Amino acid sequence: MLTVIGCFTDQHDLRLVGLAAAICAIAALTAIRLLRHAGSAGRTRLTWLVVAAISSGTGIFATHFIAMLAFQPSIPSAYDHGLTLLSLVIAICLTGLGLRVALLGTQGASWLGGLVVGLGIAAMHYTGMAAFEVTGHLRWNPAVVAASIVVGELFSAVALSTAIRSRSLTSLLASAAILTLAIGAHHTIGMAAVTITENPLATLSPHAMSPTWLAGAVALASLAIFVLTATAHALSLREQRRVHGETERMRGLANAAVEGLIVVDGHRVVTANVSFGRLVGLADAAVAGLPVSTFLTEANAWQRLACAMGQPVELGLRHAAGEIIAVEAILRRIDFAGKSHQALAVRDIRERKQAERHIQYLAHHDALTGLLNRTAFNAVLDRAVAAAVETGASIAVLCLDLDRFKAVNDLFGHAAGDAMLARVARCVTGLLGPDQCMARLGGDEFAILMDGQAGPDAAEDLAKTIIAALAAQASDRTADAMVGVSIGIALCPQDAMERQDLMVHADTALYRAKADGRGTYGVFEPEMGIAVRERHGVERDLECALARDEFHLV
């Protein structure tokens, strides 16, 4: 390292060295700014990559040759036109290729692009040194040459990785400083690798370019750098204003929407509207920057949304307080700030879900009493009968009918009758066990299913308990005192092995209980069926005789 420092302090004009360092820093900052602009330029990316390549390549060229003008070897020197121009072309092409590779977006692309830029710095430097003519011989130290290349490659890779990884001002300045260090360190170590031996017999090429002409060329290159620097700064400001204006416009439109809306880059939220913030219990500004998985309750929710791109998907959204909110979400691709993003729109469907649950409830329950309706009870009874037939277990069905209920409606009105039905439902359901359920079949007709090895004794005990409870409830109510209850009981598989027959037998037992004086219960017996059929036969015969005028007075 002492050799490198000694090379500059003893054989260089430090004022020009300082100028070279300034040009290098300006060129590096311009290159990084243009690289970032190219990364978000969309269709014009290639154009801005070319501009960035010219800026960085020209900066490397100008840095090298200003430092060469600062070099004072104490013997005549000149520069080959062709190789000098070639070094500029090499610098522009290789750095441009490195910048293009860095923007590929794949893993490790920024590091690979930085290595290509480092190769461009080395190639430009040693091509420029090949253009350097002196009246003597140049002898190179291979180890120091290799060290200069490694240092340039390493710093260039770190510089582009820093520039691509983050778009903050800090990373901009850091990456520009590291790129400046890459160019300067490579040149410094590279110059320390050469030793010049004077040869009095050697002559300069008559077509070689004098240092004066080289100074003019470098001045033009420096001017180009300053022009590109000004252009990059202007573009940066314009881009910031455009992005800010577009962001504000989109935020205004998004805030006008009722649905929650977030813009996602990768898997991280870029911005959110007020409705989304209100939905998850956070300020919209606090949502930005968080992973989108913070709000999705399912591990594969994002994959589901991506597979159903543009189609509504129902999922859960996590509130800041821990509540899970049912939402309908739609994922779409949008162009935001010149770059492809995903927009996720979410609609709160809690009220809709509640309405659906209520509709589902009403489809299976009686609106007045909250009991199962006839359709739901038949479905439950079908399953219970099938299980009883298969296993041989016993179940019981109790049919209940209120006695003199019509009189309550006629005397006190239908509101009083409805209130009585609700009281009966509450009273009876309070007496049922976990294997028993009650339904309202219509009007003042109810049914109870006793599952789980329900024998005739258990069914009769329940019937007695219900009759006693309703009688006790009626003691202090005028309307209730008028009404009793009759109950019919049928068993499966003893009395029937199908739902329809089981219900008919329970109704038959109910009619027998009413015939026996009401306010009691009856258990189905086969003889009841015969008597009922005979009675129905007599009723049909009487109706037919009346229609045919077959009655006569005796």
Side-chain angles (χ1 to χ4, degrees), residues 365-374 377-378 381 395-433 435-451 454-491 495 502-525 527-529 531-532 535-536 539:
H365 292 79
D366 174 57
L368 175 63
T369 62
L371 300 175
L372 294 178
N373 59 20
R374 181 184 293 272
F377 182 76
N378 286 343
L381 185 55
I395 64 171
V397 171
L398 285 70
C399 285
L400 289 73
D401 188 83
L402 300 184
D403 303 325
R404 294 180 297 278
F405 179 72
K406 184 177 182 301
V408 172
N409 280 334
D410 293 340
L411 292 174
F412 300 100
H414 288 285
D418 290 345
M420 175 179 288
L421 292 174
R423 288 195 297 272
V424 169
R426 286 194 301 270
C427 178
V428 176
T429 53
L431 305 173
L432 302 182
D435 293 329
Q436 301 164 1
C437 65
M438 184 177 182
R440 182 187 178 198
L441 304 182
D444 62 338
E445 298 178 15
F446 298 88
I448 296 173
L449 170 63
M450 296 181 66
D451 203 352
D457 293 339
E460 291 184 42
D461 289 342
L462 179 61
K464 293 175 183 177
T465 302
I466 292 172
I467 293 171
L470 291 179
Q473 177 179 279
S475 61
D476 59 347
R477 294 178 184 270
T478 304
D480 290 350
M482 298 176 58
V483 176
V485 62
S486 297
I487 302 175
I489 303 171
L491 303 175
D495 298 330
L502 188 63
M503 291 298 294
V504 169
H505 292 341
D507 280 337
T508 300
L510 173 63
Y511 294 144
R512 171 58 64 88
K514 282 184 174 292
D516 289 345
R518 302 183 181 183
T520 184
Y521 69 90
V523 180
F524 177 78
E525 298 175 357
E527 295 79 8
M528 291 181 182
V532 169
R535 179 176 178 177
H536 286 172
E539 289 176 352

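Note that the structure is predicted; figures quoted are calculated from it, not measured. All residue numbers in this chain count up from 1 along the given sequence.
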So do the side chains of [X] and [Y] get within less than 4.5 Å of each other, counting heavy atoms only?
| X | Y | value |
| --- | --- | --- |
| Leu421 | Phe405 | yes |
| Met438 | Thr369 | no |
| Val428 | Val485 | no |
| Cys399 | Glu445 | no |

Open item on the list: Please enumerate all residues that pass salt bridge (Lys or Arg N to Asp or Glu O under 4.0 Å) together with Asp457, with sequence neighbours excluded.
Closed with: none
Pairwise distance [atom1]([X]) to [atom2]([Y]) - rounded to 0.5 angstrom:
| X | Y | atom1 | atom2 | answer |
| --- | --- | --- | --- | --- |
| Leu449 | Ile395 | CG | CD1 | 5.5 Å |
| Asn409 | Met420 | CG | CE | 8.5 Å |
| Leu431 | Gln436 | CG | CD | 9.5 Å |
| Ile467 | Ile487 | CD1 | CD1 | 4.0 Å |
| Phe446 | Leu441 | CZ | CG | 9.0 Å |
| Arg404 | Asp410 | CZ | CG | 13.5 Å |

TODO: Under the side-chain contact (heavy atoms from CB on, under 4.5 Å) rule, collect the residues that match up with Leu372, sequence neighbours excluded.
DONE: His365, Ala376, Val380, Cys437, Ala439
- [ ] Under the side-chain contact (heavy atoms from CB on, under 4.5 Å) rule, collect the residues that match up with Ala396, sequence neighbours excluded.
- [x] Leu398, Met450, Ala454, Ala459, Leu491
So, for [X] and [Y], which heavy atoms are closest and what is the spacing to 0.1 Å?
| X | Y | result |
| --- | --- | --- |
| Ala509 | Gly522 | CB-O, 3.3 Å |
| Lys514 | Asp403 | NZ-OD1, 2.7 Å |
| Leu402 | Asp444 | O-OD2, 3.0 Å |

Task: Sidechain-backbone polar pair: Arg426 side chain, Thr429 backbone, donor-acceptor under 3.5 Å - done: no
Open item on the list: Tell me if a side-chain donor or acceptor on Asp418 pairs with a main-chain N or O of Leu368 at a distance below 3.5 Å.
Closed with: no
Task: Pair Ser486, Asp401: side-chain N/O donor-acceptor within cut-off below 3.5 Å - done: no
Task: Criterion side chain to side chain contact (heavy atoms under 4.5 Å, CB included) on Ile466 and Ile448, from CA distance to verdict - done: CA-CA 11 Å; Ile466 292 172; Ile448 296 173; 3.5 Å; yes
